Protein chains: 2
Amino acid sequence: MRRVTPRRRQILDTAADLFAARGFHGVSVGDIGAAVGISGPALYKHFAGKEDILGQCLLHASERLLEGARALTEHGGDGDEVRHDRAGRAGHGGGTDAPAGHAGAPEDDVLEALIAFHTDFALSQPSLIVIQEREWGSLGEQARVRVRERQLAYIDVWTRALRPHRPELSPAQARAAVQAAFGLLNSTPHSARISRAAMRDLLTRMARAALTLSLIHI
Amino acid sequence: MRRVTPRRRQILDTAADLFAARGFHGVSVGDIGAAVGISGPALYKHFAGKEDILGQCLLHASERLLEGARALTEHGGDGDEVRHDRAGRAGHGGGTDAPAGHAGAPEDDVLEALIAFHTDFALSQPSLIVIQEREWGSLGEQARVRVRERQLAYIDVWTRALRPHRPELSPAQARAAVQAAFGLLNSTPHSARISRAAMRDLLTRMARAALTLSLIHI
DNA sequence: CCTCGCGGTTAATACTCTTTAACCATGCGG
DNA sequence: CCGCATGGTTAAAGAGTATTAACCGCGAGG
């Protein structure tokens, strides 16, 4: 019941899609089984139960987000000040359109890298994004706290990256701003009528503006 | 089965909270009944069924949003150009902190009013916001299309209001930008660690920046 | 007075769901 | 060839669900 066989991976992927589309309680184990070509109780050869499937989805998603974010901040420093060295683009494919900086502000700090990273993740794994933000309450106690820990740590990485840009914000305000930016970036499952590249460009620009320029009055 | 008695209103409100918290399929009619002090099948004296309750919640929410938005645009004009006359603040209480404009841009156009209106709605009715964006798929055919019509019309009002600010965006891009802004404004149920006034201010500023300033490169 | 509709009750029906049990094919190490 | 783990099957159990049925107290209008 431990290793990750291709079948298990397939089950997790299709289950994530179903959970995202109809909600955890709106999907039966029969539905999941049928979606992968087997039927109902065969899933119990791979997972302990329905809740375990959701748990593995969420553990995997939150872990990938957190580790990706931490990889962007750990260039040797603690990430509490704006860094000017090149931030790696995170292995999620695509994304040749790096923002052409021109103002005095640093163009390649951690926040910029986080925006690009999260946008790529949301565009490539919309189902994981959806269930991560709305289904973590359907988990049992132990799995929920583990997922929640990673989610809070992920928010914390973002909040620290935002601080140098917006020193006037209190920690609580910065957290709220980060979560609002998540709402913006995670809106991609609800739209998807323009090309992926255009969506990526639009979302990164909007998130950048919302996070760094929102002190300007119109 | 038609008129809106206080009991019916109470049922709809508490059901909306439950649906927002645990999802439509995660709430039983017994749960809803218990939450209002009656038990289970008594709900059928007021509504045709569980799905009908969700339908009335969503119809009500989408109607209030659409009518509120339309009231802001209908000052006699069609709202396709930026208007400089005073836009009414929408009767949702609060909100004395009008943005102090200083740049050349118009400070009180329809978009600004829509941002304020939607922010107020999201802050005062978070449950309706949540179920409106994630539970409309649990509706039957006829109710779903009626709710969806209103939602699309609401998006359309926003998109038209955004056009004069961002003429370079294609209609599809403008729609995506509007939905991203909704994601940002609707993030309020996930945070709520700062005061309502501070949240209102933060969200309106971020949405304003995301929608109107996102063409600026950092 | 008395009927009658309104809003409630509990019991019962007819599912559907998760999970377990019992069984079976197949490929592989010895 | 044997044994057996792997991954699948169907049947069944047991809990939970929405919905309906049958019944009841009660306040108001004739």
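It should be emphasised that the depicted structure is a prediction, and the values quoted were computed from it without experimental measurement. Throughout, a chain's letter reflects where its sequence line sits, starting with A, and its residues are numbered from 1.
The side chain of B:P41 lies closest to C:dA11 when the candidates are C:dT9, C:dT19, C:dA11. Picking from C:dT18, D:dT19, D:dT9 the nucleotide with the shortest atom distance to the side chain of B:K50 gives D:dT19. The side chain of A:S28 has C:dC17 as its nearest neighbour among C:dT10, C:dC17, C:dA21. Residue A:K45 places its side chain closer to D:dG8 than to any other of D:dG8, D:dT20, C:dT9. Here the nucleotide nearest the side chain of A:I38, chosen from D:dG8, C:dG8, D:dT19, is D:dG8.
Heavy atoms of other residues, nucleotides or ligands lying less than 6.0 angstrom from CZ of B:R166 number more than 12. The number of heavy atoms from other shown groups lying within 6.0 Å of CZ (A:R22) is above 12.
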For side chain to side chain donor-acceptor pair (under 3.5 Å), just list the numbers for B:D156 and B:T159, CA-CA rounded to whole Å, side-chain angles, deciding distance to a tenth of an Å, and then say yes or no. CA-CA 5 Å; B:D156 209 52; B:T159 306; 5.0 Å; no

Does A:E141 form a salt bridge (charged side-chain N to carboxylate O under 4.0 Å, His left out) with A:R144? I'd like the steps, not just the answer. CA-CA 5 Å; A:E141 181 76 0; A:R144 184 170 65 246; 2.9 Å; yes

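B:F47 has its CZ atom 11 Å from the P atom of C:dG8, to the nearest Å. We find that NE2 of A:H46 is positioned 9 Å from C1' of D:dT6, with the value rounded to whole Å. B:E51 places its CD atom 11 Å from the C1' atom of D:dA18, with the value rounded to the nearest Å. Following rounding to the nearest Å, B:R22 (CZ) and D:dT17 (C1') show an atom-to-atom distance of 14 Å. A straight line from CG of B:L18 to P of D:dA18 spans 12 Å, rounded to a whole angstrom. At whole-Å resolution of the value, CD1 in A:I32 and P in C:dC17 are 12 Å apart. Look at CG on A:L43: it is 17 Å from P on D:dT6, rounded to the nearest Å. When rounded to the nearest whole Å, the span between CG of A:D52 and P of C:dT18 equals 14 Å.
Side-chain contact between A:L203 and A:S187 is present, with heavy atoms from C-beta onward closer than 4.5 Å.
Heavy atoms of A:V36 sit nowhere under 4.0 angstrom from any nucleic acid atom. Within the nucleic acid shown, A:G49 comes within 4.0 Å of sugar-phosphate atoms alone, with no base atom in reach, counting heavy atoms only.
Of the possible polar contacts, none joining the B:Q56 side chain to the B:L12 backbone as a donor-acceptor pair under 3.5 Å is found.
Proximity of B:R7 to the phosphate of C:dG8: a side-chain N or O atom is located under 4.0 Å from OP1 or OP2. Within the structure, every side-chain polar atom (N or O) of A:H25 is placed at least 4.0 Å from both OP1 and OP2 of C:dC17.
Axis deviation across the helix from C:dC1-D:dG30 to C:dG30-D:dC1 amounts to 10°, comparing end segments of five pairs, rounded to 10 degrees.
Smallest separation of non-hydrogen atoms from A:Y154 and A:A69: CE1-CB, 3.5 Å.
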